[in-house]
Amino acid sequence: MNTTRPAAVVVLAAGQGTRMKTSIPKVLQPMCGRSLLEHAIAAARGLDPSHLVVVVRHERDKVAAHALAFDPDVVVADQDDVKGTGRAVWCALRELPADLEGPVLVMAGDTPLLSADVLAGLLAEHEGSAVTVLTASVPDAAGYGRILRDEAGEIRGIVEHGDATAEQRDIGEINTSTYVFDAAFLRGAIADLDAANAQGELYLTDVVAAAYRAGAGVAGLLVEDSVLVEGCNDLVQLAALRAEMNRRLLEGWMRRGAAVVDPGTTSIDVTVTLAPDCRVLPGTGLYGTTAVASRAVVGPGEFTDTSVGEGVVAGHVVARGATIQAGAELAPYTVLTGPSERVAGSAAGVEPADGRTSTVPAGRTGPAGKHSEDQA
């Protein structure tokens with residue numbers, strides 16, 4: 001069996017996220033071109049699971065429609081009125097084949113930096129265990145479940161913050177709400193969960209203690225970069241993680257040869273592509289499916305769903321849904337707003353997204369489609 005391919009992935013997206021204090025469900029909050037839930041689904045799909053289940057409850061129809069629009073092959077599972085992550089996974093199992101065998105990965109829908117690579121490492125660590133837990137060490141563990149280890153250093157359980165003693169709250173190793181379970185063990189253990197805890201909920205973490213007591217094997221993988229497993233509980237955390245994702249995306253493109261002059265004032269979506277030897281000037285937003293070709297210089301400005309050809313110069317430009325052909329130089333304050341607008345271009349051309357090209361003499365293009373010599 002391929003240990004890095006799960007039989008199923010379960011994404012938990014049923015929570016309300018009251019601390020966000022917005023009308024938008026927490027898992028639908030946007031971050032760098034995708035929602036939190038879309039980031040989770042994309043990471044899960046990177047493992048090529050046989051089944052992918054998204055558990056929903058709060059704003060059920062909205063969250064389910066959002067998940068299916070992003071990935072039509074996900075299976076939506078409805079959590080009932082019984083609270084807790086254990087119940088959420090129980091509801092997910094009902095949507096999976098009764099004879100499912102192999103590893104089942106469970107992850108939260110609000111950890112946007114958690115990548116398929118980290119999840120694959122967790123799956124590889126799981127071989128031969130009933131449960132494998134992804135853990136992290138953090139300087140401030142308040143609010144997180146703590147990892148409990150026995151004298152031999154083996155994981156024996158997880159205690160939630162509200163149920164922890166003062167001594168247990170001093171533990172710095174936390175549960176990241178990311179696990180791999182043996183499907184058969186999970187089915188049996190989850191049926192025995194009870195709500196005898198501070199929250200009155202069915203805790204999925206109790207399955208870990210059950211595996212330890214049964215001698216079925218509990219493994220753990222400590223992720224070195226704890227930021228990767230941070231969740232979003234309010235808009236402050238959301239902004240911090242968005243900034244971190246933005247920084248990492250830009251760093252990745254710079255290491256592949258794209259010049260980003262000031263990453264601190266440049267915004268980028270995960271779906272944007274930058275070619276080696278392109279140059280992004282300060283104060284630039286790159287969104288949607290924008291692609292910037294080699295030797296193009298863009299910014300400041302906003303480029304959304306726009307193809308920027310080789311050698312283009314586009315500063316102080318807003319372009320949405322456009323194709324800027326190779327060699328074009330756009331005058332400052334040019335606005336390209338998609339297929340409904342005809343915008344003047346150079347001989348190389350500025351082509352709106354519908355493929356139409358305006359006809360103007362060669363040279364620089366200016367605001368409102370005027371030829372640059374007309375601007376003098």
Side-chain angles (χ1 to χ4, degrees), residues 2-6 9 11-12 31-32 34 36 39-47 49 103 105-161 164 168-181 204-205 208 211-212 217-233 236-256 263 270:
N2 182 0
T3 57
T4 59
R5 186 187 186 210
V9 174
V11 179
L12 304 181
M31 179 179 291
C32 298
R34 288 179 178 154
L36 300 183
H39 283 296
I41 293 173
R45 275 294 176 215
L47 302 174
L105 189 145
V106 178
M107 61 186 294
D110 67 344
T111 50
L113 271 69
L114 186 56
S115 67
D117 287 343
V118 174
L119 297 176
L122 184 66
L123 281 159
E125 191 73 24
H126 175 72
E127 189 170 8
S129 300
V131 183
T132 304
V133 184
L134 186 66
T135 75
S137 291
V138 295
D140 181 7
Y144 288 98
R146 308 306 204 279
I147 300 297
L148 304 179
R149 293 182 178 270
D150 63 17
E151 293 179 354
E154 299 298 319
I155 296 176
R156 64 178 178 86
I158 299 170
V159 60
E160 298 297 336
H161 181 85
Q168 289 169 338
R169 290 184 182 186
D170 288 337
I171 297 171
E173 187 180 13
I174 63 164
N175 174 34
T176 68
S177 300
T178 310
Y179 321 83
V180 180
F181 300 94
L204 182 61
T205 50
V208 177
Y212 178 80
V218 180
L221 177 65
L222 178 69
V223 62
E224 294 183 1
D225 187 354
S226 63
V227 176
L228 296 177
V229 294
E230 285 190 18
C232 300
N233 290 315
V236 176
Q237 291 177 327
L238 183 73
L241 285 182
R242 182 185 293 113
E244 181 62 18
M245 178 177 285
N246 192 83
R247 184 191 70 78
R248 293 180 185 225
L249 288 169
L250 291 172
E251 180 178 311
W253 287 116
M254 288 188 285
R255 293 192 184 281
R256 291 192 286 274
V270 295

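- Distance check: Asp170 CG to Gln168 CD gives 10.0 Å after rounding to the nearest 0.5 Å.
- Nearest heavy-atom pair across Pro103 and Leu123 is CB-CD2, 3.9 Å.
- Two residues are said to be in side-chain contact when any heavy atoms from C-beta on lie closer than 4.5 Å; Leu238 and Leu36 meet this criterion.
- The shortest heavy-atom contact between Glu154 and Val218 is OE1-O, 3.9 Å.
- The two residues Leu113 and Leu241 make their nearest non-hydrogen contact at CD1-O, 3.9 Å.
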Which pairs of donor and acceptor atoms, one on a side chain in residues 128-137, lie under 3.5 Å apart (sequence neighbours left out)?
{"unit_1": "Thr132", "atom_1": "OG1", "unit_2": "His126", "atom_2": "ND1", "d": "2.7"}
{"unit_1": "Thr135", "atom_1": "OG1", "unit_2": "Glu173", "atom_2": "OE2", "d": "2.7"}

Check against side-chain contact (heavy atoms from CB on, under 4.5 Å), Ser177 and Thr111
CA-CA 9 Å; Ser177 300; Thr111 50; over 6 Å; no

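- Within the 3.5 Å criterion, the main-chain N or O of Arg169 finds a donor-acceptor partner in the side chain of Arg146.
- Taking the charged nitrogens against the carboxylate oxygens, Glu251 and Arg248 have no contact shorter than 4.0 Å, which rules out a salt bridge.
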Starting from the C-alpha separation in whole Å, work towards a yes-or-no answer on side-chain contact (heavy atoms from CB on, under 4.5 Å) for Ile158 and Tyr179.
CA-CA 12 Å; Ile158 299 170; Tyr179 321 83; 4.1 Å; yes

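- Atom CG in Asp110 sits 9.0 Å away from atom CD in Gln237 (nearest 0.5 Å).
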Test side-chain contact (heavy atoms from CB on, under 4.5 Å) applied to Met245 and Val270, step by step:
CA-CA 9 Å; Met245 178 177 285; Val270 295; 4.1 Å; yes

Given Leu204 and Phe181, is the side-chain contact (heavy atoms from CB on, under 4.5 Å) satisfied, shown in steps?
CA-CA 11 Å; Leu204 182 61; Phe181 300 94; 3.9 Å; yes

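- Across Asn175 and Tyr144, no two heavy atoms sit closer than the pair O-CD2, 4.0 Å.
- The OG1 atom of Thr176 lies 10.5 Å from the CG atom of Leu228; values are rounded to the nearest 0.5 Å.
- Considering CG of Leu122 and CG of Asp117, their distance stands at 13.0 Å, rounded to 0.5 Å.
- When every heavy atom of Cys32 is checked against every heavy atom of Arg242, the shortest pair comes out as SG-O, 3.8 Å.
- Minimum interatomic distance between Pro112 and Glu230 (heavy atoms only, all atoms of both residues): CD-O, 4.1 Å.
- Atom CD1 of residue Ile171 and atom CD1 of residue Ile147 lie 9.0 Å apart, to the nearest 0.5 angstrom.
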